[in-house]
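Each remark here refers to the structure printed beneath this line.
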Amino acid sequence: MKIHSVTLANVRGVASRTVEFPDSGVVIVDGPNEVGKSTVIEALDLLLDPKKKSTSRSKDIQAMQPVGQDLGPFVEAEVTIGGRRLRIAKQWLRSTKIVVEVLSPTKQSFTGDNAQRELERLIERDLDRTLFESLRFAQGGGAATNALSDSSVLQSALDQAAGADMHVPGGDDLLSDVEREYSRYFTPAAGRPSGELKQALTSANDSHDKAVFAHGSWQESLSLMGQRDAAVQQWHAAKDGLPELQEALSAARVATKAAREAEQLRRQARERIDLAEAELRRCKSAVVQREKLRAEVQARQDAVVVVDSDAEALTRQRRELGDAVDEAKHMLGRATTEAETATHTLADLHDEYAQAQDSERLAQLREACARIGDLTKAHDAAQRAADSAVVTPAMADEIAGAGAEVIAAQAAVEAIATLVSVERIVEGAEITIDGQATAMAPGGLLEDVLVTAETEISVAGVARVRVRPGGDAATLRSELEAKSAKLSHLLSAADVNSVEDAQRAASEYRENHGALRVAAAELKTALSGQSGQAWTDQLAELDDRLGSPDEVKPREIDGLRKVIAEAKEALADRKRSHSDASKMHELVAGRLAAVVGKLERSGERREAAKRELDRVATALREASSESPDEALNEAVALAEASVKSARGALSEMASDHTVQDLVAAERALTQTERALAAQQKSVSAAQTLADQLNGRVEQAASEGRRENYDLAVQAFRQAKGHLEAVDRRARAAKQLHLTLTGCRDEAHDQYVEPYAAALRALGRRMHGRSFDVAVDKDLVITHRELDGVSVPFESLSGGAQEQLGLLSRLAVASLVDADEGAPVIVDDALGYSDPDRLAQMGRVLSDPSSAGQVIVLTCSPERYVSIENAHRVHLAS
């Protein structure tokens with residue numbers, strides 16, 4: 001497809017405009033924002049869309065109508081589609097119409113409904129809409145190209161480039177039939193059974209489960225009969241064992257009664273022994289307690305003696321430490337006085353030193369303020385000089401460029417001019433050039449005339465000659481005049497007479513602004529981040545505070561520093577002495593306080609020891625008066641005799657072998673009772689189980705479980721046969737699907753390579769030999785490799801993504817036929833590219849190997865100045 005021209009009338013803000021495009025190469029359509037560049041392409045889309053009939057009133061059509069005007073949008077285009085040159089026109093909303101005119105190879109014309117049908121037929125048959133929409137590229141466009149793999153024109157081109165025909169007629173239909181047959185049995189994505197295969201599997205599994213259940217029911221009936229017979233036998237056996245256990249229980253009860261009577265006698269004997277032993281322990285404890293009281297009285301008396309001895313020693317230490325505290329206190333007072341005197345001396349010296357520093361600072365401030373004043377005046381003078389220079393280097397460069405263009409245009413005019421020589425043969429014959437008499441040199445020769453426009457040379461009464469220069473002289477003269485006018489305008493705006501004057505003025509501009517920058521830097525350094533007023537305020541404040549600062553001379557500061565250092569050292573010595581005295585005072589006072597505390601606690605311990613001695617002595621006297629020692633000894637002897645008598649009686653009972661063991665008898669009775677109860681429970685449980693199993697056997701016999709099992713086995717065999725038949729068809733469909741899709745994937749790899757190779761060749765023109773790309777089967781860029789580093793497309797910068805997006809469309813355009821393909825339309829892109837990348841992209845777009853159209857819409861044409869031989873169309877507001 002090729003676009004030759006597009007005409008708009010009453011479309012949005014465009015009243016009337018025609019844009020013509022060359023058949024090949026790059027055309028740059030530039031103009032300011034809102035001038036209607038994108039509107040041209042949007043209107044062409046609506047014109048070529050068969051669904052947007054001339055009678056349509058859709059939102060897209062209404063959006064094309066001029067705001068606030070009841071006018072019908074009109075769009076006309078001349079295009080070549082499918083080898084036919086067409087003129088298509090539509091008008092919507094007001095006075096609707098549609099015209100389709102075939103201009104070549106055979107002229108035809110259609111209007112109304114016939115034109116609509118012809119447009120639909122042409123677009124459906126000859127326009128690859130997918131390719132036409134995919135080759136659009138706008139600002140920030142990525143590598144996505146709207147399913148380019150669906151483009152029939154691109155498929156054909158890639159077939160030829162790959163040396164294979166991978167899109168034979170009917171191939172897609174065969175794949176569709178195989179996919180449809182495969183989907184009868186399997187899910188498309190995971191390949192799991194579905195449809196007929198899933199139903200057959202489900203039916204076979206259900207039949208198998210029913211057969212298994214029926215077989216289990218039948219086997220359950222056989223098992224129930226066996227369990228019933230075993231339960232009846234178990235009931236009879238349990239009932240026969242009851243009489244023997246009942247006799248054993250009677251015997252165990254008699255033996256237990258006799259054992260319990262014997263145990264009662266033994267318990268009474270043991271109780272008498274326990275009472276006698278308790279009395280013996282009480283008597284012996286009273287004797288031991290009496291001895292403990294005597295020993296404790298002696299210990300308390302010894303403790304009182306020790307406490308009295310400690311108190312005498314602590315009293316002597318208190319007198320000695322009191323004298324030491326008084327002496328340390330005296331030394332601390334003297335050290336404190338000396339430290340205070342040294343501190344006051346140092347403070348006076350610091351005040352004197354601060355005054356000397358302020359005087360020195362005042363002199364520095366006066367010098368700094370004077371320098372700031374001088375630098376401020378120099379900066380103001382440089383600022384005035386810079387403000388007076390009006391010709392900037394950019395203006396001088398623009399004037400120089402305009403001058404070079406005038407020289408080039410003049411050279412172009414002179415290159416096609418005709419050189420005419422005139423010689424007068426007849427003396428006196430009047431010769432005129434364009435009606436103006438000529439002045440002949442001696443000998444009758446006229447200097448050579450350079451003819452750059454149509455010129456008339458006449459000889460009065462003899463001949464009239466018209467001389468026309470070769471080439472397109474009018475266009476070149478027009479360009480010369482335009483560029484000369486541009487140069488004059490720039491010189492006038494800069495208020496200079498020539499290019500040389502502009503260069504000199506620009507040189508002065510640079511010098512003045514350089515001097516201004518130097519002065520500003522010096523002033524900034526002098527100000528040190530403050531304003532000039534801040535420096536003046538500091539000077540005034542310090543001057544007011546000092547009063548008469550000149551009385552202190554700067555040379556005295558060094559001496560003051562030495563004196564202050566000596567005073568600091570003296571103060572440090574006094575502080576160390578004071579610290580030592582303070583520590584000594586604290587140490588001695590602490591020792592004294594500790595001794596005083598010990599002495600106080602010693603007195604408390606003596607009082608406590610005396611109280612304890614009195615308490616224990618009183619307890620001993622009371623115990624001796626209540627129970628004398630002789631009475632305690634007699635009680636011990638009586639208790640020992642009672643214990644001996646009770647133990648003898650218990651020994652006599654143990655020698656009687658007729659006494660039964662109560663624990664063994666009771667254990668035997670309990671075991672016999674439990675055995676009888678368990679046997680009775682077994683009889684009852686066995687009878688109940690036999691009754692239940694007999695009922696279940698009778699119920700199972702009435703259900704016909706054997707017949708149900710036979711029917712379930714027959715149904716399972718039928719379902720299994722159906723599953724085997726369906727599975728054979730499913731496996732055949734799966735094998736065919738795997739074979740064809742494998743072949744299709746293999747073909748896709750060949751199909752993608754020509755596109756990747758074309759994209760790789762374009763990228764290497766920009767980035768060099770290290771550039772490479774990875775492309776998936778849908779012709780989408782997945783990775784870019786540069787200098788050996790591979791980066792996913794989505795991780796690239798916006799500029800890199802934009803450049804790859806444009807290169808991908810240029811690669812497609814280079815593969816398809818220029819007539820059957822579609823133009824690459826770039827809508828104000830490459831905004832993320834730096835000047836070097838713009839220049840590289842310009843060289844790629846300038847490649848003469850592509851015969852297709854590249855249409856660039858932009859409001860910044862300077863981005864594309866590197867495109868050689870580009871055709872430019874300027875749209876004015």
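Values below: every heavy atom of this structure, side chains too, minus hydrogens, waters and symmetry copies.
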Shortest non-hydrogen contact from [X] toward [Y]:
X: Val595; Y: Leu314; answer: CG1-O, 3.5 Å
X: Leu807; Y: Gly763; answer: CD1-CA, 3.9 Å
X: Cys859; Y: Lys37; answer: N-CE, 3.8 Å
X: Ala339; Y: Leu571; answer: O-CD1, 3.6 Å
X: Leu762; Y: Ala811; answer: CD1-N, 3.4 Å
X: Arg872; Y: Pro861; answer: NH2-CG, 4.0 Å

Indicate yes or no for a side-chain donor-acceptor contact from [X] to the backbone of [Y] under 3.5 Å, with no hydrogens or angles considered.
X: Ser860; Y: Glu862; value: no
X: Ser507; Y: Gln503; value: no
X: Arg318; Y: Val596; value: no
X: Ser625; Y: Glu622; value: yes
X: His513; Y: Tyr509; value: yes
X: Ser602; Y: Lys598; value: no
X: Arg809; Y: Gly805; value: yes
X: Gln840; Y: His767; value: no
X: Ser388; Y: Ala385; value: yes
X: Ser309; Y: Val305; value: no

Would you check if [X] and [Y] make a side-chain contact, meaning some heavy-atom pair closer than 4.5 Å?
X: Met584; Y: Val588; result: yes
X: Arg371; Y: Glu367; result: no
X: Arg611; Y: Arg300; result: no
X: Ile781; Y: Leu759; result: yes
X: Glu405; Y: Lys486; result: yes
X: Met395; Y: Leu490; result: no
X: Val391; Y: Val496; result: yes
X: Leu587; Y: Arg591; result: yes

Step through the shown structure and confirm whether more than 12 heavy atoms of other residues, nucleotides or ligands are within 6.0 Å of [atom1] on [X].
X: Glu569; atom1: CD; answer: no
X: Gln364; atom1: CD; answer: yes
X: Met331; atom1: CE; answer: no
X: Asp302; atom1: CG; answer: yes
X: Glu541; atom1: CD; answer: no
X: Glu566; atom1: CD; answer: yes
X: Gln530; atom1: CD; answer: yes

>> Looking only at the side chains, is there a donor atom on one of Asp827 and Ser38 sitting less than 3.5 Å from an acceptor on the other?
In response: yes
Can you tell me how far the [atom1] atom of [X] sits from the [atom2] atom of [Y], to the nearest 0.5 Å?
X: Leu375; Y: Leu527; atom1: CG; atom2: CG; answer: 8.0 Å
X: Gln383; Y: Asn512; atom1: CD; atom2: CG; answer: 10.5 Å
X: Arg837; Y: Met766; atom1: CZ; atom2: CE; answer: 5.5 Å
X: His489; Y: Ser484; atom1: NE2; atom2: OG; answer: 14.5 Å
X: Asp374; Y: Cys369; atom1: CG; atom2: SG; answer: 11.5 Å
X: Glu340; Y: Thr343; atom1: CD; atom2: OG1; answer: 7.5 Å

> Going through the distances and angles, do Lys583 and Glu586 end up as a salt bridge (charged side-chain N to carboxylate O under 4.0 Å, His left out)?
Replying inline: CA-CA 5 Å; Lys583 291 178 181 178; Glu586 290 177 0; over 6 Å; no
>> Between Lys610 and Glu607, does any side-chain N to carboxylate O distance fall below 4.0 Å?
In response: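 Judged by the 4.0 Å cut-off on N to carboxylate O distance, Lys610 and Glu607 do not form a salt bridge.
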> Any salt bridge between Glu612 and Arg615, counting N to O under 4.0 Å?
Replying inline: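 Salt bridge between Glu612 and Arg615, a charged N being under 4.0 Å from a carboxylate O: yes.
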